[in-house]
Amino acid sequence: MEQRYHPELVEPKWQAYWKKNQVFKVTEDSSKEKYYLLEMFPYPSGKIHIGHVRNYTIGDVVVRYKRMKGFNVIHPMGWDAFGMPAENAAIDNNTHPAAWTYDNIRAMREQLKRMGFSYDWDREIATCRPEYYKWEQWLFLKMLEKGMAYRKESYVNWCEKCQTVLANEQVEQDKCWRCSQTVHQKKLWQWFFKITDYARDLLVHCDELPGWPDKVTVMQKNWIGRSVGSELKFKIDGRNDDITVFTTRPDTVFGATFMCIAPEHPMVESLSKGTSKEAEVAAFVQKVSSQERSAEGLEKYEKEGVFTGAFCINPATLEKIPVYTANFVLMGYGTGAIMSVPAGDQRDFDFARKYGLEIRVVVQPEGENFDGNTMKEAYTGEGLMVNSGEFNGLDSKKAMDAITGWLEKKGRGKKTVSYRLRDWGISRQRYWGAPIPVIHCPDCGVVPVPEADLPIKLPEDANLLEKGGSPLPGLDYFAKATCPECGRKDAKRDTDTMDTFVESSWYYLRYCSPRYDGGMFDPEAVKYWAPVDQYIGGVEHAVLHLLYSRYFMRVLNTLGMIDFKEPFTRLLTQGMVCKETMTCPEHGYLYPEEAVRNDEGKLSCTRCKSHVEVGRVIKMSKSKKNVVDPNELLEKYGADVTRLFSLFAAPPERDLEWSEDGVEGSNRFVNRVFRLALECMEKFNNTMFATGAFTGSAFELESAKAKELYIKANQTIKKVTDDIDKSFHFNTAISAVMELVNALYAIDLDSADDELKKVILFSLENIILLLSPILPHFCEELFEKLGKKGSILEQPWPEYREDCLETDEVLVVVQVNGKLRSKFTIGAQTNEAKIKETALADKKIKKHIGDKDPKKVIIIRKKQTLVNIVV
RNA sequence: GCCGAAGUGGUGGAAUUGGUAGACACGCUAGACUUAGGAUCUAGUGCCGCGAGGCGUGGAGGUUCAAGUCCUCUCUUCGGUACCA
């Protein structure tokens with residue numbers, strides 16, 4: 001008999017069995033505790049890659065484990081199906097986004113099924129289906145009604161050639177990633193969700209997410225960016241009007257010798273109007289508006305500004321100070337205006353030096369005597385107040401509240417909190433997305449689509465424009481509409497679509513009742529299943545997707561639709577799977593298989609033979625082509641080995657540089673277990689299987705060998721259980737099972753007595769159960785071969801005996817001055833005096849102590865027994 | 001610049017609260033079985049040294065009977081963020 005495991009036969013067999021018996025189909029069951037495990041749903045790009053395999057394997061292991069633990073587990077899968085790649089692919093391949101997307105979904109669904117993941121496929125959703133986005137449109141209308149959604153004019157990255165908005169990450173060095181045209185800022189009317197209303201709540205609850213990695217909550221906190229400060233009012237000279245600034249350093253207000261306002265500030269025009277500076281200011285505003293304001297852009301532009309011609313009054317000194325407009329002041333933060341304190345802020349300092357403005361020291365460390373004329377840089381620290389009237393000599397920290405309070409009494413200021421977080425702009429001038437359900441009427445303005453008209457279906461047959469941009473505005477049958485209010489026939493439908501992050505902000509609720517047509521979700525189903533108990537996905541979504549989801553749950557909570565606020569109780573951010581990139585001068589990025597070693601051992605391009613440059617090791621992504629398709633592994637080793645290997649390579653949260661070295665080891669291990677099981681079946685007589693495995697206490701066992709193995713098996717159960725349950729460290733769980741398997745291999749089955757055989761059987765059965773979440777097909781097969789009935793999924797998770805975790809002999813390690821010198825074993829119950837005596841009598845120890853007297857002997861009896869002799 | 005994470009054999013990685021550093025694998029070396037081996041099994045494998053022994057967790061200090069683990073400083077890599085007033 002050939003003793004080899006054949007995944008190509010076994011895996012389809014069990015996949016068919018699971019399907020036929022609908023083992024992964026779940027329904028609400030109030031008698032069982034629910035467990036909602038979710039992996040971030042994929043964008044249907046065409047094929048799954050190793051990163052997906054890793055992500056979904058982690059989830060699947062936990063799901064199968066929790067099932068065996070008796071939970072009613074929901075484990076759904078679906079598709080984040082809207083988005084730009086579909087539009088680009090449609091143009092490139094002369095197809096249609098819908099067709100391309102549905103084809104990809106079909107292909108990827110097959111790949112996932114082939115991996116043996118335990119999804120309840122009846123719950124599958126695709127966000128591009130009208131049945132899904134209908135409810136998103138419905139929610140939009142609700143939010144509009146409640147003032148949670150609004151429209152305003154704002155700047156976006158715009159590519160003129162493609163006629164479209166670009167996300168920040170689609171702008172590469174100021175240029176459009178598709179056509180390399182320079183991107184500029186364009187002002188457009190856009191829809192926004194008022195996420196800032198929840199800034200405080202989102203921030204505060206970051207500290208109440210114990211199941212989230214600190215890394216992620218820290219990133220969210222930084223993103224929300226709370227800072228405490230003051231709003232101070234500066235009267236405009238000669239006008240009965242104020243400019244309000246936000247500052248975190250109200251203590252330095254006496255040093256504010258000028259003011260800067262953002263070029264987009266609504267007052268810029270009126271301030272300069274009628275002054276000699278009017279033209280200059282207008283030109284400057286124009287210039288700044290064409291500047292790129294992303295991170296890369298900022299590096300290139302020097303801080304500069306122009307005097308507006310207007311003055312305002314410093315509320316503390318009552319002096320007239322000039323008002324500048326400057327390119328480094330952001331309209332989107334604070335009030336869009338700052339008081340400039342050159343002595344206390346480096347940017348203001350540089351600006352003052354450049355334009356010859358006064359630098360007045362107001363805070364300096366004790367014992368220092370700064371001079372604004374000779375200072376080399378601003379002093380941003382704390383210290384004692386000077387040049388600040390009645391506050392002189394005060395500690396600057398105390399002066400913050402004191403000065404704010406003083407100005408407040410004069411009606412010139414108040415303490416406030418400012419957030420960095422901005423409202424969420426959701427309009428996209430794109431085709432492949434959910435239409436925004438409003439109509440623009442020349443008479444009535446913005447009119448919501450009546451609920452009964454939902455969904456506003458995206459025309460799936462629209463032809464994409466060769467030059468890019470959305471075809472929707474040009475489609476009369478879509479864009480033309482009748483005003484629901486006044487009946488005017490020439491109203492216009494909003495042809496923007498929603499940001500795809502909107503779909504992913506609530507899909508996990510839809511899974512609870514995916515075919516429900518009475519609302520976004522069936523409240524009863526959500527009450528049972530939600531929130532998600534364990535969410536698993538890439539850390540790249542640490543801020544946006546996870547923040548938007550938290551926001552959405554707050555919106556639904558406010559609307560009274562759900563009774564919780566946090567969507568994901570526990571979060572695992574799995575590390576990225578990385579690989580080096582390869583580029584060729586002719587073809588740019590290459591897929592791994594497009595680079596081969598030539599005769600000289602150098603990498604060359606398969607198409608043009610030119611030299612291939614090996615680039616940095618970065619996260620696998622289709623655009624960089626450094627992706628590994630799991631199909632090859634699947635063909636060669638099957639799903640189980642692929643699963644095992646992806647888990648064994650590293651703990652889940654760690655980044656992983658992909659390499660297939662070592663996959664042989666995983667394959668070898670699976671076959672070792674297989675042969676072990678077969679050998680046992682061959683050599684154990686049938687009665688052994690009939691009477692069953694040993695499950696009693698270790699003390700009942702006669703032979704030391706049996707006892708030792710039995711304890712090892714119990715330890716393994718504990719280790720695997722803890723590793724899966726507490727830390728998701730599957731790599732160490734697997735190595736623990738490997739140790740047990742190695743221990744079994746060390747036993748000669750032919751000479752084993754019945755007692756030992758029963759313990760071997762116990763070990764073997766548990767190995768199969770413990771591995772079953774990781775190697776589901778393989779373990780089902782072995783379980784069946786051992787003569788068990790039904791699916792292994794119906795088995796309870798193994799239990800270990802607390803009293804069988806320790807042997808009655810312990811190893812004592814002996815150190816002299818902290819250095820390991822000897823070891824011996826001794827009865828576990830031996831008292832300390834005896835251990836000490838034995839240690840001191842040890843030959844090697846004697847040699848190291850020599851004739852010196854031990855000063856101190858330390859005995860530790862924790863997980864190790866250790867003796868340290870200090871001489 | 002700021003925030004965060006990580007640096008351990010040739011490689012992936014172990015080491016739960018300070019207590020045998022290198023589990024488990026990959027790779028490599030030798031041997032066994034075999035017509036054959038990319039199958040399987042056995043033994044070895046941190047570095048230096050013939051040896052006793054010494055040295056070893058990015059680097060430098062420190063605390064401790066004992067430090068990969070705690071403290072101080074520092075270097076490197078990766079991730080996030082960036083004129084945030």
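Within every chain, numbering begins at 1; the chains are lettered A, B, ... in the order of the sequence lines, protein sequences first and strands thereafter. No hydrogens, no waters, no symmetry mates; every other heavy atom, side chains included, goes into these values. Keep in mind the model is a prediction, meaning the values are calculated, not measured.
- You'll find that the side chain of A:F328 is closest to B:C83, out of B:G19, B:C24, B:C83.
- Rounded to a whole Å, the CD atom of A:E664 is 20 Å from the P atom of B:C24.
- Using a 4.0 Å heavy-atom distance criterion, A:Q815 is classed as a base contact.
- Inter-residue side-chain proximity for A:L749 and A:E679 is flagged as met; some heavy-atom pair is nearer than 4.5 Å.
- In this structure, A:L647 places its CG atom 14 Å from P of B:G13, rounding to the nearest Å.
- No side-chain heavy atom of A:N667 sits less than 4.5 Å from a side-chain heavy atom of A:F645.
- The cationic group of A:R570 does not satisfy the cation-pi geometry with A:W212, failing either the under 6.0 Å distance to the six-membered ring centre or the 45° limit from the ring axis.
- Using a 4.0 Å heavy-atom cutoff across all strands shown, A:Y419 reaches no nucleic acid atom at all.
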Tabulated below should be each protein N or O lying under 3.5 Å from an N or O of nucleotides 3-6 of chain B; please produce it.
residue: B:C3; atom: O2'; partner: A:N222; partner atom: ND2; Å: 3.4

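- Straight-line distance from the CG atom of A:L866 to the P atom of B:A67: 12 Å, rounded to whole Å.
- Look at CH2 on A:W223: it is 10 Å from C1' on B:A82, rounded to the nearest Å.
- With rounding to whole Å, A:M219 atom CE is found 18 Å from B:C2 atom P.
- Contact annotation for A:K847: backbone-only contact, meaning every heavy-atom pair under 4.0 Å involves sugar-phosphate atoms and none involves a base.
- In this structure, NZ of A:K819 is placed 19 Å from P of B:G19, rounded to the nearest angstrom.
- Contact annotation for A:L811: base contact, defined as any heavy-atom pair under 4.0 Å involving a base atom.
- A salt bridge does not link A:D251 with A:K397: every distance from a Lys NZ or Arg NE/NH1/NH2 to an Asp or Glu carboxylate oxygen is 4.0 Å or more.
- Residue A:G334 is out of contact with every strand shown, counting any heavy-atom pair closer than 4.0 Å.
- An anti base is found at B:G56: its glycosidic angle is more than 90° from 0.
- A:E657 has its CD atom 13 Å from the C1' atom of B:U77, to the nearest Å.
- Counting non-hydrogen atoms under 4.0 angstrom, A:N742 reaches the backbone sugars and phosphates but no base.
- Between A:M259 and A:F234 the shortest side-chain heavy-atom distance falls below 4.5 Å.
- A:R861 comes within contact range of no nucleotide atom at all, as no heavy-atom separation falls under 4.0 Å.
- One P atom belongs to B:G37, the other to B:G19, and the distance between them is 47 Å to the nearest Å.
- Between A:D655 atom CG and B:U77 atom C1' the separation is 12 Å, expressed in whole Å.
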